[in-house]
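Quick caveat, the model's predicted, so the values are computed rather than measured. In each ligand, atom 1 is the first atom listed, and ligand 1 is the first ligand listed.
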Amino acid sequence: MYHPESLVKELEEKAKKLRIGALEMIYRRGQGHPGGSLSIAEIIAALFFHHLRIDPKNPSWEERDRFILSKGHACATLYVALALRGFFPESDLRDWGKLGCHLQGHPDRLKTPGVEMTSGFLGHGISIGAGLCLAARLKGLSYRTYVLLGDGECQAGILWEGAMVAGKYRLSNLTAILDYNDVQLDGPVHEIMPLEPMVEKWRSFNFEVIEINGHNMREVLDSLDMALEVHDRPQVIIAHTTKGKGVSFMENKAFWHGRAPSGEEFEKARAELLGEGK
Ligand SMILES: Cc1ncc(C[n+]2csc(CCOP(=O)(O)OP(=O)(O)O)c2C)c(N)n1
């Protein structure tokens with residue numbers, strides 16, 4: 001489908017808002033995961049502000065598309081998107097992680113409207129997603145399931161069991177999106193446990209593979225549309241991204257995987273994201 005320039009620009013603005021909002025949450029809480037929250041901003045913006053069939057007024061609508069944040073540690077970005085989409089008031093974001101707040105340190109499907117899977121324990125999104133897709137098939141429902149994975153997460157063996165199931169049952173209603181930023185908790189993915197050849201790996205699990213630059217909004221939108229055209233197998237969008245994208249001192253640094261910025265660092269990051277001083 002053709003995407004007008006105005007839509008691309010609007011979604012790029014949303015991605016910027018997601019980045020600033022997520023960083024602000026992490027700064028305020030003094031805890032969180034900036035690197036992997038920043039790398040998924042375009043993907044989350046494209047999904048939540050354009051692609052997904054969801055209704056914030058009816059979060060449990062049976063035909064809604066399901067989105068699973070399998071790399072649950074990056075939930076700040078998801079929470080900002082859900083708030084901006086109207087699943088709950090934006091003011092709730094300020095209470096993230098506080099006792100009694102529905103926004104937990106990692107996503108909790110029993111507490112937060114719009115969260116489909118409790119996650120944080122890496123590796124399980126594909127299996128749960130495959131289950132949701134089989135359920136849709138059995139019930140004759142038309143919803144699709146999207147699972148956002150980390151590349152470090154792909155080092156977990158259980159993920160490939162889920163992929164095997166999705167491939168066996170030819171779950172064409174499942175789209176995995178891989179945030180391939182090549183940095184995990186404490187170093188480069190390709191050094192800790194190499195994943196390559198990634199395209200061939202997914203193909204051998206019977207997935208249709210689409211490879212994109214995960215920060216190019218047009219490519220993200222096109223890839224989501226291309227996935228809709230695949231009717232005989234699950235799909236994976238391998239999105240090449242940069243951990244810490246948009247903040248110069250955070251980019252590609254494992255140091256910023258799970259550390260909150262100081263007040264000064266946050267202000268510097270915010271100015272960069274707003275494009276000030278350029
Ligand atoms: C099963 C499991 N093992 C270890 C961890 C600890 N952990 C949290 S985040 C992370 C790194 C994940 O890397 P990646 O998937 O690449 O995430 P991103 O770089 O996108 O933040 C690890 C090992 C965990 N949450 N779950």
Side-chain angles (χ1 to χ4, degrees), residues 15 18-19 21-23 25-27 29 31-47 67-81 96-97 104-109 115 117-129 146-163 176-199 201-202 211-215 220 236-247 249-261 269:
L18 295 183
R19 288 197 166 94
L23 268 190
M25 286 176 72
I26 294 167
Y27 160 61
R29 180 172 171 232
Q31 225 177 314
H33 296 82
S37 300
L38 292 169
S39 60
I40 59 174
E42 281 81 10
I43 296 164
I44 295 284
L47 285 168
F67 171 77
I68 289 176
L69 182 65
S70 195
K71 43 167 277 184
H73 56 281
C75 57
T77 308
L78 172 64
Y79 291 160
V80 180
W96 178 33
Q104 295 291 294
H106 287 71
D108 186 330
R109 64 175 281 273
V115 167
M117 176 186 155
T118 297
S119 58
F121 192 69
L122 295 168
H124 297 268
I126 288 269
S127 301
I128 304 277
Y146 294 84
V147 182
L148 183 49
L149 306 166
D151 50 359
E153 182 180 14
C154 291
Q155 294 166 332
I158 183 73
L159 184 143
W160 299 102
E161 289 189 40
I177 306 168
L178 172 62
D179 175 26
Y180 202 170
N181 61 31
D182 196 32
V183 182
Q184 59 125 303
L185 185 149
D186 56 357
V189 168
H190 71 268
E191 279 178 17
I192 293 168
M193 183 57 71
L195 296 168
E196 291 297 332
M198 209 45 165
V199 171
K201 250 192 198 83
W202 285 100
E211 220 177 349
I212 61 163
N213 170 353
H215 299 308
V220 176
V236 61
I237 297 171
I238 297 184
H240 294 277
T241 57
T242 301
K243 192 145 172 163
K245 177 71 178 176
V247 178
F249 60 93
M250 291 185 176
E251 286 193 0
N252 290 313
K253 301 248 176 13
F255 180 83
W256 287 103
H257 169 76
R259 177 186 304 262

When the aromatic ring centroids of His33 and His257 are compared, is their separation below 6.0 Å? yes

Close residues (non-hydrogen atom under 4.0 angstrom from ligand 1) work out to Gly36, Lys71, His73, Gly120, Phe121, Leu122, Gly150, Asp151, Gly152, Glu153, Asp179, Asn181, Val183, Gln184, Leu185, Lys243, His257

Report the C-alpha separation of Val220 and Ile177 in whole Å, then their side-chain angles, then the decisive distance to 0.1 Å, and conclude whether the side-chain contact (heavy atoms from CB on, under 4.5 Å) test is met. CA-CA 10 Å; Val220 176; Ile177 306 168; over 6 Å; no

Look at atom OH of Tyr27 and say whether more than 12 heavy atoms of other residues, nucleotides or ligands are closer to it than 6.0 Å. no

Using the side-chain contact (heavy atoms from CB on, under 4.5 Å) rule, take Leu185 and His73 through it: C-alpha gap first, then chi angles, then the decisive distance, then the call. CA-CA 11 Å; Leu185 185 149; His73 56 281; over 6 Å; no

Check salt bridge (Lys or Arg N to Asp or Glu O under 4.0 Å) between Lys243 and all other residues, then give those that pass, not counting sequence neighbours. none

From CA spacing to verdict: side-chain contact (heavy atoms from CB on, under 4.5 Å), Leu148, Leu47: CA-CA 11 Å; Leu148 183 49; Leu47 285 168; 5.8 Å; no

